[in-house]
2 protein chains.
Amino acid sequence: MTGTLHQNDKHPFVRKIESIALFTLTDDERAALLALPLQMTQFEAYQDIVREGDRPARCFAVFEGIACTYKTTLGGKRQVMAYHVAGDIPDIQSLHLKVLDISIGTVGPCRVGFVQHDAVRALLRAFPRLDDVLWRATLIDAAMVREWMLNTGRRDAYARMAHLFCELVIRLGVVGLAPDRSCEMPMIQPELADALGITPVHVNRTIRDLKEAGLITLRSRRLIVHDWEGLKAAAEFDPAYLHLTDPDPA
Amino acid sequence: MTGTLHQNDKHPFVRKIESIALFTLTDDERAALLALPLQMTQFEAYQDIVREGDRPARCFAVFEGIACTYKTTLGGKRQVMAYHVAGDIPDIQSLHLKVLDISIGTVGPCRVGFVQHDAVRALLRAFPRLDDVLWRATLIDAAMVREWMLNTGRRDAYARMAHLFCELVIRLGVVGLAPDRSCEMPMIQPELADALGITPVHVNRTIRDLKEAGLITLRSRRLIVHDWEGLKAAAEFDPAYLHLTDPDPA
DNA sequence: CGGCATATTGAAAGGGTTCAAGGGGGGTGG
DNA sequence: CCACCCCCCTTGAACCCTTTCAATATGCCG
């Protein structure tokens with residue numbers, strides 16, 4: 001996004017940071033980021049990475065696959081409130097808030113890298129400009145939840161679903177995973193139901209409607225958008241809330 | 001909350017900060033907070049303080065009354081996603097994100113104090129520990145939105161309404177505005193509808209049900225909780241997400 | 001070629017909406 | 001001090017989006 005292309009830009013960490021920062025990273029800053037000691041871990045589908053109530057001493061970044069933030073009702077009903085793609089650091093908040101108010105789990109298979117809080121704190125002390133970038137990343141995550149809130153509160157199932165697909169295609173596009181507005185989409189229908197606040201059965205019918213409207217194809221975990229403008233219109237989608245430098249990266 | 005009682009603790013700013021900080025403020029820190037140059041402004045009910053798309057050069061704190069964060073659909077439907085009470089600083093995010101993705105308006109009459117970003121930045125540079133407090137305040141705001149999201153997505157109107165009342169009573173309790181679990185509640189029914197993602201008519205019927213269950217009284221903008229345990233149970237309310245030091249301050 | 005998870009569809013029920021009309025309550029002016 | 005009026009609240013009835021329950025189909029993997 002910003003700056004010139006070094007080969008290290010392939011690193012999701014750096015890619016994400018550069019897409020958010022309001023300045024170009026110095027070589028030192030980039031090197032320090034890449035030097036963070038990571039404990040890479042592979043998760044299977046539908047495993048929790050961290051859980052509500054945890055008091056983590058580390059946070060993690062997604063390298064491959066998709067994770068989701070969710071909360072559950074005492075009655076066991078689940079609400080997904082964000083998806084996390086390569087480069088995202090979903091629980092930076094644990095740096096400042098001791099106990100987690102959310103759980104983060106995988107959707108499909110997922111590779112993540114854990115970093116000790118101490119290492120992050122040392123990095124931020126050494127490179128204060130990165131602190132601002134983390135702020136921005138966190139605030140953008142919060143903005144996304146707010147847009148989801150508007151979505152669940154004030155749009156019908158059809159528009160909600162369309163909105164989710166729009167966001168996904170855009171965000172995966174940022175990290176190069178949605179060429180031609182088509183992407184891998186590991187979520188099964190009950191999973192989408194939890195994200196949209198509707199039932200699995202209704203997810204099915206809504207997807208059918210979107211297909212019949214000629215907006216998308218969805219088969220074998222692959223989403224293809226046929227009519228981007230139509231999908232955006234159905235969703236009333238405006239990417240402003242994503243705070244992107246390039247609002248249409250696919 | 002934390003620390004001993006100085007007379008300055010009456011200042012909502014300080015009160016809120018102390019309820020969030022993990023340490024006791026030094027006299028210098030407290031003095032610096034109180035020395036922030038404020039431009040006090042009185043708003044009437046249903047006015048916007050800031051609007052989506054704005055690029056503010058200042059942020060503001062609520063001193064009296066209640067404000068709310070909301071977004072609107074292109075079709076004009078409104079979703080309220082947070083209420084702000086005395087001591088809250090709803091738009092600190094504008095320090096880091098140039099353009100606002102939300103609007104913040106008043107509910108009843110409301111007195112707020114504006115502070116220039118530069119003044120805040122200078123304060124944080126001089127007292128780095130306060131930076132951590134602001135982080136925590138912001139993250140707690142985000143946690144509240146997530147709980148609201150669970151609420152809207154996965155609970156029925158009855159539980160949602162109960163949950164909102166629980167949160168209000170607790171949060172107003174923190175700043176001393178809900179003795180005996182009773183408080184002023186300036187929101188009219190259509191306003192509550194926008195916060196819960198339902199229609200005004202249904203708000204009315206839901207309030208009636210809560211009254212008939214003997215949980216609350218609500219008349220002339222005054223909410224009285226008769227059966228706190230019952231209300232919490234109806235809402236499945238767990239105050240953990242508020243990250244309070246005292247989880248039951250009313 | 002099973003077998004199990006996921007997707008699909010039908011029919012009936014329900015929570016919430018919509019439209020429409022009637023009933024307070026409190027502030028203002030006479 | 002009372003009357004009037006403007007909001008706001010309250011209630012009824014029909015409708016609709018979404019849920020629920022239940023059954024069938026499809027696809028993938030060993």
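These numbers come from a predicted model, not from an experiment. Reminder, nothing fancy here: chain letters follow the sequence lines and each chain counts from 1.
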- Query: Rounded to whole angstroms, how far apart are CG on A:L192 and P on D:dT18?
  - Reply: 16 Å
- Contact boundaries on DNA chain C for chain A, cut-off under 4.0 Å to non-hydrogen atoms: C:dT6 to C:dA11
- Message: Less than 4.5 Å apart, side chain to side chain, heavy atoms only: is that true for A:R160 and A:L164?
- Response: no
- Residues at least two apart in sequence or cross-chain that pass side-chain hydrogen bond (donor to acceptor under 3.5 Å, both in side chains) with A:R51, listed by chain then number, are A:D48
- Basic-acidic side-chain contact under 4.0 Å: A:R181, A:E229: no
Would you tabulate the nitrogen or oxygen pairs shorter than 3.5 Å linking the protein to nucleotides 8-10 of chain D?
unit_1 : atom_1 : unit_2 : atom_2 : d
D:dC8  : O3'    : B:R221 : NH2    : 3.2
D:dC9  : OP1    : B:R221 : NH2    : 3.1
D:dC9  : OP2    : B:Q189 : N      : 3.1
D:dT10 : OP2    : B:Q189 : NE2    : 2.8
D:dT10 : OP2    : B:N204 : ND2    : 2.9
D:dT10 : O5'    : B:N204 : ND2    : 3.3

- Query: Quick one: does A:I66's side chain get under 4.5 Å of A:M187's, heavy atoms only?
  - Reply: yes
- Message: Quick check: do B:F63 and B:L38 have side-chain heavy atoms less than 4.5 Å from each other?
- Response: yes
- Item | Side-chain heavy-atom pair A:I170, A:D248 within 4.5 angstrom cut-off | yes
- Would you please name every residue forming a side chain to side chain contact (heavy atoms under 4.5 Å, CB included) with B:A142, sequence neighbours left out? A:A142, B:R146
- What bend angle does the helix from C:dC1-D:dG30 to C:dA21-D:dT10 show across its length, from five-pair end axes and to the nearest 10 degrees? 40°
- Message: Using side-chain heavy atoms (C-beta onward) and a distance below 4.5 Å, is A:L192 in contact with A:I207?
- Response: yes
- Which residues, if any, of residues 148-164 of chain B bring a heavy atom under 4.0 Å of DNA chain D? none
- Does any non-hydrogen side-chain atom of A:L218 lie less than 4.5 Å from one of A:K211? yes
- Task: Step through the shown structure and confirm whether more than 12 heavy atoms of other residues, nucleotides or ligands are within 6.0 Å of CD on B:E44.
- Result: no
- Flag the pair B:T152 / A:Q79 as yes when at least one side-chain heavy-atom distance between them is below 4.5 Å, and no otherwise. no
- Report the C-alpha distance between B:E191 and B:R78 in whole Å, list the side-chain angles of each, state the deciding distance to 0.1 Å, and finish with yes or no for salt bridge (charged side-chain N to carboxylate O under 4.0 Å, His left out). CA-CA 9 Å; B:E191 165 74 26; B:R78 197 171 90 112; 2.6 Å; yes
